[in-house]
Amino acid sequence: MRFFFFIFLSAAVTITVYGQEDPMMDILESELKREMSEFSKANEPPYYLSYRLDESHTGVVTSSFGSLTGSSIHDSRILVTDIKVGDYSFDNSHPINTFDDLDMPAYGMMGGGGAVNLPSDNRPEAIRLMVWQQTQETYRNALSLYKALRNSSAAKKGEPVDDFSREIPSSHIDPALPEFSSFFNKAEWEGRIRKISAPFLSKQEIIDAEASMESGVERKYFVSSEGSRIVQNRTYAFLSIRGSIRADDGDVVPLHKSYFAFNPSDLPSDEEVLRDVNEMIGKLERLKSAPVAEPYTGPAILNAHAAGVFFHEIFGHRVEGHRLKDINDGQTFKGKVHEEVLPKSLSVIFDPTLSHFDGQAHNGHYQYDDEGVKAQQVKVVEDGILKTFLMPRTPIVNFSKSNGHGRAQAGAGAVSRQSNLIIENTKPVSMSDLRKMLISECKKQKKKYGYMFMDVVGGFTTTNRFMPNAFNIFPTEVYRVYVDGRPDELVRGVDLIGTPLTMFAEIRAADDKREVFTGFCGAESGSVPVTAISPSVFVKRIETQKKPLTQVDKPLLDRPATSQ
């Protein structure tokens with residue numbers, strides 16, 4: 001027989017409170033208490049209930065070739081309800097290794113959570129009604145799935161670890177945010193964005209160009225039956241420019257650049273951005289006639305930006321702890337704790353508590369994760385040795401606690417995700433020494449040239465067992481570095497590919513200057529903001545392949561004359 005105990009663990013709560021109570025938190029907290037009181041009358045009540053509400057105000061302005069193409073402001077309130085039936089050791093989130101004797105319709109309901117858009121007119125009765133409706137539906141699904149799992153022999157197989165970790169509840173309330181209109185001046189940015197994209201008009205060969213600005217304020221609420229009550233703010237401003245040119249063979253070649261800050265006023269000035277736009281135009285003109293690179297295997301230098309994406313894609317996703325509980329995952333590092341997985345000179349840290357590095361804001365910064373756990377610095381690799389994993393509240397063997405890395409996009413359920421990835425190097429060398437290593441290794445391998453990957457736009461990796469555990473990084477600026485001393489040659493059409501363990505074994509050195517790459521990472525729990533901070537690295541052997549061709553029809557008529 002199961003017994004239900006509803007207890008708010010107030011004695012164990014860590015408290016940081018600023019300003020006045022928040023009316024929305026009052027609604028969520030009082031409704032959670034009422035729902036849990038009602039659930040206590042059920043035959044199989046939940047042992048855990050949480051509400052996570054993401055309230056956001058977002059402004060987006062875009063322009064192309066100096067003309068405004070979009071301008072909007074969007075508001076949303078998305079509530080995620082998480083209900084767990086059973087107990088911490090076995091509940092409706094329990095993983096299974098086979099579906100042979102499981103009620104598939106019940107499993108398909110994904111009973112652990114649900115999402116709904118809440119009203120925006122601030123009427124408490126309307127908000128309470130929708131919370132109540134969503135809670136009922138989520139409970140029905142959770143209970144149905146729990147019963148199916150409990151009666152399944154397949155669910156009883158696997159490793160003896162709990163399904164949900166016990167954590168100390170926290171209480172934290174950030175002060176109220178200012179009005180969005182005082183944070184983001186849409187009219188001002190419409191003019192600035194037009195100005196930033198206008199220089200692309202000067203070149204007939206440029207077929208696509210855009211400047212965009214997205215700015216937002218988010219107020220994130222979390223309340224749970226364990227006693228957590230958290231309200232935290234996030235603000236951001238993301239400015240990006242991109243342009244594409246038609247190469248001599250018809251292929252379309254793009255370049256990208258972006259800037260991130262917590263406030264629009266902290267972004268670079270128009271003059272600085274326009275200098276970068278003109279530099280991009282110059283590179284596009286060079287790419288127009290640049291040779292297409294052939295498939296290659298040999299030495300290379302990954303410049304800091306490229307190295308940051310490399311470590312994020314190839315290493316970071318493989319230390320996200322929830323994957324090690326999934327029998328279908330490749331589990332690259334599952335048996336490698338306390339083993340050397342990188343050169344001894346390198347350490348890998350994930351630190352969401354870090355808001356800035358070298359004056360640059362970090363997109364992966366937060367105070368509490370999306371499961372209500374306080375953000376923590378996690379040294380995953382120390383002097384080349386694997387120490388731990390990024391953990392949500394989903395325990396794995398030998399790692400029973402969260403370290404504040406349960407993250408999700410608004411509307412999605414949280415899993416372990418990366419935050420601010422930081423590569424530390426105890427034996428730095430200069431970039432000139434990296435180039436000497438590159439040329440020396442090219443000579444040993446009888447290569448006429450090696451590669452320098454200066455910048456990338458992103459990448460992806462696969463970690464499951466049904467496909468090769470490979471990665472693909474998308475470089476945008478790549479140079480051949482010749483052994484005979486001729487100038488570096490810009491090339492195009494290169495993708496950096498490979499398999500992780502092989503690639504890690506080929507890292508030989510890193511330089512003495514770290515740079516910041518800011519972006520967004522997409523995975524099971526949606527898109528989350530991340531940052532990577534890395535030095536440039538020398539790799540003894542990489543592999544490339546040709547990019548897919550992107551072609552558009554050549555114009556039948558000359559482009560109209562333009563004036564700026």
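Each residue takes its place number in the sequence, starting with 1.
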Side-chain heavy atoms of Ile349 within contact of Val380, under 4.5 Å:
no
His365 side chain reached by Pro352 side chain, heavy atoms, under 4.5 Å:
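In short, these two side chains do not touch, never coming nearer than 4.5 Å.
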At what distance, to the nearest 0.5 angstrom, does [atom1] of [X] lie from [atom2] of [Y]?
{"X": "Leu274", "Y": "Ile241", "atom1": "CG", "atom2": "CD1", "value": "8.5 Å"}
{"X": "Leu390", "Y": "Asp369", "atom1": "CG", "atom2": "CG", "value": "11.0 Å"}
{"X": "Lys336", "Y": "Leu386", "atom1": "NZ", "atom2": "CG", "value": "9.5 Å"}
{"X": "Arg242", "Y": "Ser258", "atom1": "CZ", "atom2": "OG", "value": "13.0 Å"}
{"X": "Thr62", "Y": "Glu210", "atom1": "OG1", "atom2": "CD", "value": "5.5 Å"}
{"X": "Ile533", "Y": "Ile422", "atom1": "CD1", "atom2": "CD1", "value": "4.5 Å"}

For Tyr366 and Ser419, what are the C-alpha separation, side-chain angles and deciding distance, and is it a side-chain contact (heavy atoms from CB on, under 4.5 Å)?
CA-CA 8 Å; Tyr366 54 89; Ser419 54; 3.8 Å; yes
Aromatic contact between [X] and [Y], with the criterion being ring centroids under 6.0 Å apart: yes or no?
{"X": "His356", "Y": "Phe262", "answer": "yes"}
{"X": "Phe310", "Y": "Phe453", "answer": "no"}
{"X": "Tyr449", "Y": "Tyr451", "answer": "yes"}
{"X": "Phe389", "Y": "Phe333", "answer": "no"}

Please assess Asp488 against Met454 for the test side-chain contact (heavy atoms from CB on, under 4.5 Å), listing each intermediate value before the final yes or no.
CA-CA 12 Å; Asp488 295 351; Met454 289 299 296; over 6 Å; no
Assess, by modelled atom type and distance only, whether the side chains of [X] and [Y] contain a donor and an acceptor separated by less than 3.5 Å.
{"X": "Glu214", "Y": "Tyr236", "answer": "yes"}
{"X": "His405", "Y": "Gln418", "answer": "no"}
{"X": "Tyr482", "Y": "Glu489", "answer": "yes"}
{"X": "Thr69", "Y": "Ser63", "answer": "no"}
{"X": "Arg323", "Y": "Thr332", "answer": "no"}
{"X": "His322", "Y": "Thr394", "answer": "no"}
{"X": "Thr463", "Y": "Asp329", "answer": "yes"}
{"X": "Asn420", "Y": "His362", "answer": "no"}
{"X": "Asn363", "Y": "Arg234", "answer": "yes"}
{"X": "Asn303", "Y": "Ser536", "answer": "yes"}

Please report the shortest heavy-atom distance between [X] and [Y], naming the atom on each side.
{"X": "Gly308", "Y": "Ala532", "result": "O-CB, 3.5 Å"}
{"X": "Pro395", "Y": "Val161", "result": "O-CG2, 4.0 Å"}
{"X": "Cys521", "Y": "His317", "result": "SG-CE1, 3.2 Å"}
{"X": "Val337", "Y": "Lys387", "result": "CG1-O, 3.8 Å"}
{"X": "Ala410", "Y": "Ile78", "result": "CB-CD1, 4.0 Å"}
{"X": "Arg407", "Y": "Asp370", "result": "CA-OD2, 3.4 Å"}

Does the structure place the NZ or CZ of Lys447 under 6.0 Å from the centre of the six-membered ring of Tyr296, at an angle of no more than 45° from the ring's axis?
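That pair qualifies as a cation-pi contact.
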Counting neighbours of NZ on Lys540 that are heavy atoms of other residues, nucleotides or ligands and sit closer than 6.0 Å, is the number greater than 12?
no
NZ of Lys344: more than 12 outside heavy atoms within 6.0 angstrom?
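Atom NZ in Lys344 is not crowded, with 12 or fewer foreign heavy atoms closer than 6.0 Å.
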According to salt bridge (Lys or Arg N to Asp or Glu O under 4.0 Å), does anything in residues 279-299 pair up with another residue at least two apart or in another chain? List the pairs.
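Checked against salt bridge (Lys or Arg N to Asp or Glu O under 4.0 Å) - neighbours excluded - the pairs reaching residues 279-299 are Lys203-Glu285, Asp248-Lys288, Glu279-Lys283, Lys283-Glu477, Glu294-Lys546.
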Salt-bridge present ([X], [Y]; N to O < 4.0 Å):
{"X": "Arg492", "Y": "Asp251", "answer": "yes"}
{"X": "Asp495", "Y": "Lys547", "answer": "yes"}
{"X": "Asp511", "Y": "Lys513", "answer": "no"}
{"X": "Asp54", "Y": "Lys220", "answer": "yes"}
{"X": "Lys427", "Y": "Asp512", "answer": "no"}

Give a yes or no on whether the backbone of Asp383 and the side-chain of Ser347 come within a donor-acceptor separation of less than 3.5 Å.
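Yes: the side chain of Ser347 pairs with the backbone of Asp383.
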Does the pair Arg393 and Asp82 meet the rule for a salt bridge (charged side-chain N to carboxylate O under 4.0 Å, His left out), with working shown?
CA-CA 13 Å; Arg393 294 189 66 175; Asp82 188 11; over 6 Å; no
Sequence neighbours excluded, which residues qualify as salt bridge (charged side-chain N to carboxylate O under 4.0 Å, His left out) partners of Glu506?
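If we apply the salt bridge (charged side-chain N to carboxylate O under 4.0 Å, His left out) test to Glu506, skipping adjacent residues, the hits are Arg508.
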Of the options Asp484, Leu434, Val483, which is the one that meets Ile439 in a side-chain contact (heavy atoms from CB on, under 4.5 Å)?
Val483
Leu421 and Val530: side-chain contact (heavy atoms from CB on, under 4.5 Å), yes or no, with the steps?
CA-CA 8 Å; Leu421 182 157; Val530 294; over 6 Å; no
Just jot down the ring pair (Phe, Tyr, Trp, His ring centres under 6.0 Å) partners of His305, sequence neighbours excluded, or say none.
none
Mind running side-chain contact (heavy atoms from CB on, under 4.5 Å) on Ser240 and Ser212 for me, showing each step along the way?
CA-CA 5 Å; Ser240 63; Ser212 67; 2.7 Å; yes
